[in-house]
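Written below as structure tokens is the structure these notes are about.
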2 protein chains.
Amino acid sequence: MLNLIQSRLMSAEDVAERLPTRCTIATSGFTTGYPKVIPGAYARKLHEAQERGEECGFNLYTGASTGDELDGVLARTNAMKKRLPFQSTPDVRDRINRGEIEFLDIHLSHVPRYIEHNILDPIDIAIVEAVDVTPEGRIYLTTSSGMTPTYIKYAKEVYIELNRHHPMGLKGYHDVFLPQLPPEGRPIHITHTDDRIGVSYVACNPTKIKGIVETNLPDAGHEFKSPDSVCTRIAEFVLDFILFEISKGRIPAQYLPFQSGVGNIANAVLACLAQDDRFHEIEMYTEVVQDSIFDLLDADKLRFASTSALTFSSEGTARLHREIDELRAKFVIRPQEISNNPEVIRRMGIISMNTALEVDIFGNVNSTHVLGSKMMNGIGGSGDFARNAYISIFMSPSVAKRGDISAFVPMVSHVDHNEHSTQIIVSEYGLADLRGLSPKRRAQEIIEKCAHPDYRDMLRDYLDTGLRHAPGKHTPHDLRHTFDWHLRFLETGSMKYTPTTEA
Amino acid sequence: MLNLIQSRLMSAEDVAERLPTRCTIATSGFTTGYPKVIPGAYARKLHEAQERGEECGFNLYTGASTGDELDGVLARTNAMKKRLPFQSTPDVRDRINRGEIEFLDIHLSHVPRYIEHNILDPIDIAIVEAVDVTPEGRIYLTTSSGMTPTYIKYAKEVYIELNRHHPMGLKGYHDVFLPQLPPEGRPIHITHTDDRIGVSYVACNPTKIKGIVETNLPDAGHEFKSPDSVCTRIAEFVLDFILFEISKGRIPAQYLPFQSGVGNIANAVLACLAQDDRFHEIEMYTEVVQDSIFDLLDADKLRFASTSALTFSSEGTARLHREIDELRAKFVIRPQEISNNPEVIRRMGIISMNTALEVDIFGNVNSTHVLGSKMMNGIGGSGDFARNAYISIFMSPSVAKRGDISAFVPMVSHVDHNEHSTQIIVSEYGLADLRGLSPKRRAQEIIEKCAHPDYRDMLRDYLDTGLRHAPGKHTPHDLRHTFDWHLRFLETGSMKYTPTTEA
């Protein structure tokens with residue numbers, strides 16, 4: 001047992017050889033930290049089997065999004081049957097929207113329960129990226145936690161990619177704790193962002209570890225773009241709002257922990273927080289930390305960040321490696337069962353900031369579906385945070401496609417966050433505070449504060465027609481015309497009215 | 001101070017005299033336990049003021065629904081401006097749907113936070129029903145807790161209706177505990193339905209208690225109807241499902257606590273649980289307990305019920321009064337901040353059962369809006385429970401209005417519980433298990449298991465058209481025809497196709 005690693009060392013092809021062509025595979029990976037060579041070898045094996053006429057088919061479970069080395073190569077085998085709970089790779093997305101892959105779009109905090117409660121197809125194989133494994137089976141993960149502890153616990157066999165790209169200093173970044181299942185559930189004792197309640201490794205019966213592959217590969221870069229003016233405007237509205245709330249006594253003067261989604265707007269908010277002299281001592285309780293966290297560090301404003309993944313660009317990763325010992329006091333990486341847990345989110349009073357794809361005038365938010373039918377990426381953790389946050393903020397540029405799509409519409413074509421759970425909506429034109437407003441008042445607020453000026457008259461028209469003709473005036477929808485904008489876009493390429501010869 | 005009650009005794013008219021004609025009033029009441037005479041006196045005062053040409057206007061906050069003695073009389077003054085968070089009185093509903101009352105339809109567990117976080121108009125007056133008040137200001141509530149502890153805490157002035165209809169033996173039924181606000185949030189130490197973490201009264205500074213009115217009045221009866229065959233069929237599907245889940249190891253053999261919504265279907269489930277020899281030792285963690293709980297008691301099957309209200313018929317209340325000392329070991333009444341708390345619901349693993357108004361083929365549930373615009377009652381606690389439950393079940397008869405309305409439609413006209421949070425859908429035709437299914441497969445399951453046979457071909461048509469024409473095949477909606485059914489009902493009185501002369 002003393003030399004577990006050496007006794008199990010093999011090549012990616014050796015592992016692929018052992019994997020069945022029909023199975024359920026669960027991997028590490030939550031933006032980063034996914035396996036990078038075994039999937040490619042497995043894909044080649046599947047292609048060969050398919051050439052021999054063999055029917056192949058596998059399910060893929062991950063923490064959240066991964067890179068082309070996992071999702072891309074496996075999707076292109078056309079043997080991916082079921083995929084959960086989130087994805088952002090073009091090859092996977094295309095196959096979902098062609099109806100070829102069954103995609104389960106699940107709240108990230110629900111995935112562990114679906115596994116533990118024996119609801120999904122059981123996991124045959126777990127493939128996880130690690131920096132080290134001890135003879136006792138202590139697995140030290142790389143830059144993400146996500147679903148990995150749960151997948152290792154429930155998988156029949158575990159394969160490990162030991163990624164030498166990362167320093168051993170990553171040990172100690174993780175806090176691995178999985179709550180007991182009902183009826184044995186007990187409180188989760190996190191009351192501050194930096195509380196640690198678990199251990200720094202995932203415990204695994206070493207006999208389950210069937211193979212170890214050494215690699216030395218970075219994650220696909222999450223390159224950092226400087227915020228554009230639209231994102232910066234949105235960020236400024238958010239920061240002014242937070243200070244206003246403090247002045248009203250609704251947010252304590254020392255703030256509350258922030259959650260921030262993935263992407264350019266989220267990056268802009270953190271970049272602006274770093275630059276703005278009115279803010280100090282920021283704490284994050286979030287699922288993903290991006291390069292913008294370094295702006296906070298450099299401004300000496302980051303007290304602590306709890307996350308489920310470090311999602312850095314190649315420069316960010318290089319800096320993490322250089323400062324690996326200093327940064328350990330600033331970060332903790334938690335399983336998504338904990339990072340996204342409603343109990344902890346509600347208790348700590350998180351300020352949640354997520355991006356919307358589409359918002360309707362009554363405050364319903366679409367985060368996932370283009371034109372009501374096409375999957376973009378998935379709901380991810382946005383529902384976990386928004387539903388239990390102290391304040392839930394949804395942000396979106398007012399228009400897309402050079403103005404031909406309005407983010408603010410009469411009715412969203414898919415609801416991921418409904419009017420009962422949304423509070424603050426922000427575009428580059430302004431911030432709508434929906435709290436304490438009836439649907440009609442929300443509509444006025446969203447139209448006048450957030451919608452692009454080109455679309456305001458059209459939205460006012462829709463609301464007026466509803467107020468005249470709807471069977472009820474509580475949420476005055478005109479069901480004859482709810483999706484006219486989407487249909488017009490499909491027909492003409494623009495949501496705007498096209499001039500007609502009618503009077 | 002020794003005789004607080006006598007020193008503050010006055011008539012309902014005396015209280016009304018002291019209440020301003022423009023103010024925010026918060027009352028006790030969560031189906032039962034609402035004040036019954038002060039509102040009437042206040043309504044008479046408002047009518048008189050209006051006759052003198054005075055402009056009157058007040059906001060009304062409660063725990064949930066109340067009776068005509070509160071909501072009805074006050075709505076009929078036409079001076080009710082804002083109402084939250086739930087209602088079920090015709091006079092209030094009509095005025096909401098005429099656009100006269102601003103109704104805030106809020107998750108019940110969010111209401112305390114909206115008050116505590118200083119988001120809603122501040123409370124001027126609290127009016128609460130109690131069985132006793134001590135000189136120190138300990139207020140012992142009647143049959144509901146709801147929002148009352150929070151309203152008493154934040155109101156500037158408190159008036160009490162001491163209702164002599166109830167015995168002093170109600171003392172001890174309540175467990176009053178309000179969590180600390182962020183950043184001081186701490187775990188809520190409830191791990192079993194019968195855990196008590198608070199005190200049996202609401203503490204109030206006695207100087208805030210400005211008047212006490214003695215009454216002797218029952219709540220408006222919540223009369224209990226024997227379950228009809230549709231409700232019984234639904235209940236049987238639910239019970240069979242629970243036993244199936246136990247056989248699969250997905251629910252522990254000793255079950256998990258049940259939450260059950262208000263109404264006939266919920267009553268039928270409990271009545272069937274009582275009759276079914278396969279079930280023993282039931283626990284409830286819910287917001288409302290109805291007469292059907294006595295069936296469980298009589299069958300010696302109720303281990304314990306945690307609730308926010310006892311919602312009994314007049315016979316049920318009489319029995320409660322007769323057995324007040326024995327029943328104290330079986331019930332606890334908690335504030336809605338605790339009965340509906342996501343932390344506790346998730347930890348204990350609640351089996352949540354709520355009624356749907358409308359369900360679409362992709363699994364989205366409408367609990368609140370008729371034809372997308374008319375408010376029925378409100379979301380209540382259904383979202384608090386469904387979102388964090390171990391298993392969330394939504395139940396509905398397949399049709400309404402003698403078959404002219406299908407509960408199962410292409411797209412719901414309002415989303416209260418979205419596809420990410422719904423799991424089990426039940427009608428009198430069958431049970432659809434949506435867990436682990438992509439939207440397309442969910443649609444097949446709902447159409448073939450739950451929809452009324454008269455509507456199945458129409459739903460299959462919709463799905464087929466979507467699969468051919470939708471821009472994406474993940475959720476194959478046909479936005480041209482999403483609301484044809486609702487529009488047809490508005491035009492013809494039926495959702496069914498009407499025969500036409502077209503080929």
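In what follows, chains are A, B, ... by sequence order, proteins preceding strands, each numbered from 1.
Heavy-atom contacts from other residues, nucleotides or ligands closer than 6.0 Å to NZ of K440(A) number more than 12.
Between N388(A) and R113(B) the shortest heavy-atom distance is O-NH2, 3.7 Å. Closest of all the heavy-atom pairs between L104(B) and L437(A) is CD2-C, 3.3 Å. Across L479(B) and L487(A), no two heavy atoms sit closer than the pair O-CD1, 3.8 Å.
Using a 4.5 Å cut-off between heavy atoms, P471(B) contacts chain A through both its backbone and its side chain. Only the side chain of E419(B) comes within contact range of chain A, judged by heavy atoms closer than 4.5 Å. Contacts between Q423(A) and chain B at a heavy-atom distance below 4.5 Å involve the side chain alone, from C-beta outward. For chain B, the nearby part of L120(A) is the side chain; its heavy atoms alone come within less than 4.5 Å. For M348(B), the part sitting under 4.5 Å from any heavy atom of chain A is the backbone (N, CA, C, O) and nothing else. In this structure, chain A has a heavy atom under 4.5 Å from the side chain of Y114(B), while its backbone stays farther away. I96(B) touches chain A through backbone and side chain together, each having a heavy atom under 4.5 Å away. Proximity to chain B (any heavy atom under 4.5 Å) is shown, for P183(A), by both the backbone and the side chain. Residue contact with chain A, scored on non-hydrogen atoms closer than 4.5 Å, is absent for N59(B). Looking at H417(A), only its backbone comes within 4.5 Å of chain B, counting heavy atoms on both sides.
Contacts with chain B were tallied for I379(A), D478(A), L371(A), T482(A); I379(A) has the most, counting heavy-atom pairs under 4.5 Å. No other option in R98(B), K82(B), H110(B) has as many heavy-atom pairs under 4.5 Å with chain A as H110(B). The candidate with the highest count of non-hydrogen atom pairs below 4.5 Å against chain B, out of L256(A), I106(A), I391(A), is L256(A). Ranking I101(A), L84(A), D121(A), I119(A) against chain B, the residue ahead of the rest is I119(A), based on heavy-atom pairs under 4.5 Å. Here K473(A) is the residue among E100(A), H414(A), K473(A) with the most heavy-atom pairs under 4.5 Å with chain B. Interface check for chain B: of the options Q254(A), K248(A), M375(A), R435(A), the most heavy-atom pairs under 4.5 Å are formed by R435(A). Put simply, of L467(A), N341(A), L490(A), D416(A), the one with the most heavy-atom pairs under 4.5 Å next to chain B is D416(A). Between chain A and the residues A470(B), G249(B), P342(B), the most heavy-atom pairs under 4.5 angstrom are made by P342(B). Ranked by non-hydrogen atom pairs under 4.5 Å with chain A, the options K374(B), E102(B), H420(B) are led by H420(B).
Remark: side-chain polar atoms of N418(B) are not paired, donor with acceptor, to backbone N or O of N418(A) under 3.5 angstrom. Judged purely by atom type and a 3.5 angstrom limit, H189(A) has no side-chain atom pairing as donor or acceptor with the backbone of P187(B). Looking at R347(A), its side chain never comes within 3.5 Å of a backbone N or O of G185(B) through a donor-acceptor pair. With S373(A) contributing its side chain and G472(B) its backbone, the two residues share a donor-acceptor pair below 3.5 Å.
Side-chain contact, R387(B) with S421(A): no donor N or O sits under 3.5 Å from an acceptor N or O. A side-chain donor from one of T475(A) and H369(B) sits under 3.5 Å from a side-chain acceptor of the other.
The aromatic rings of F103(A) and H474(B) lie tilted to each other, with the angle between the two planes from 30° to 60°.
Separating the OG1 atom in T191(A) from the CZ atom in R186(B) is a distance of 4.5 Å, to the nearest 0.5 Å.
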*For F483(A) and M411(B), what are the C-alpha separation, side-chain angles and deciding distance, and is it a side-chain contact (heavy atoms from CB on, under 4.5 Å)?*
CA-CA 12 Å; F483(A) 294 127; M411(B) 181 187 267; 3.6 Å; yes

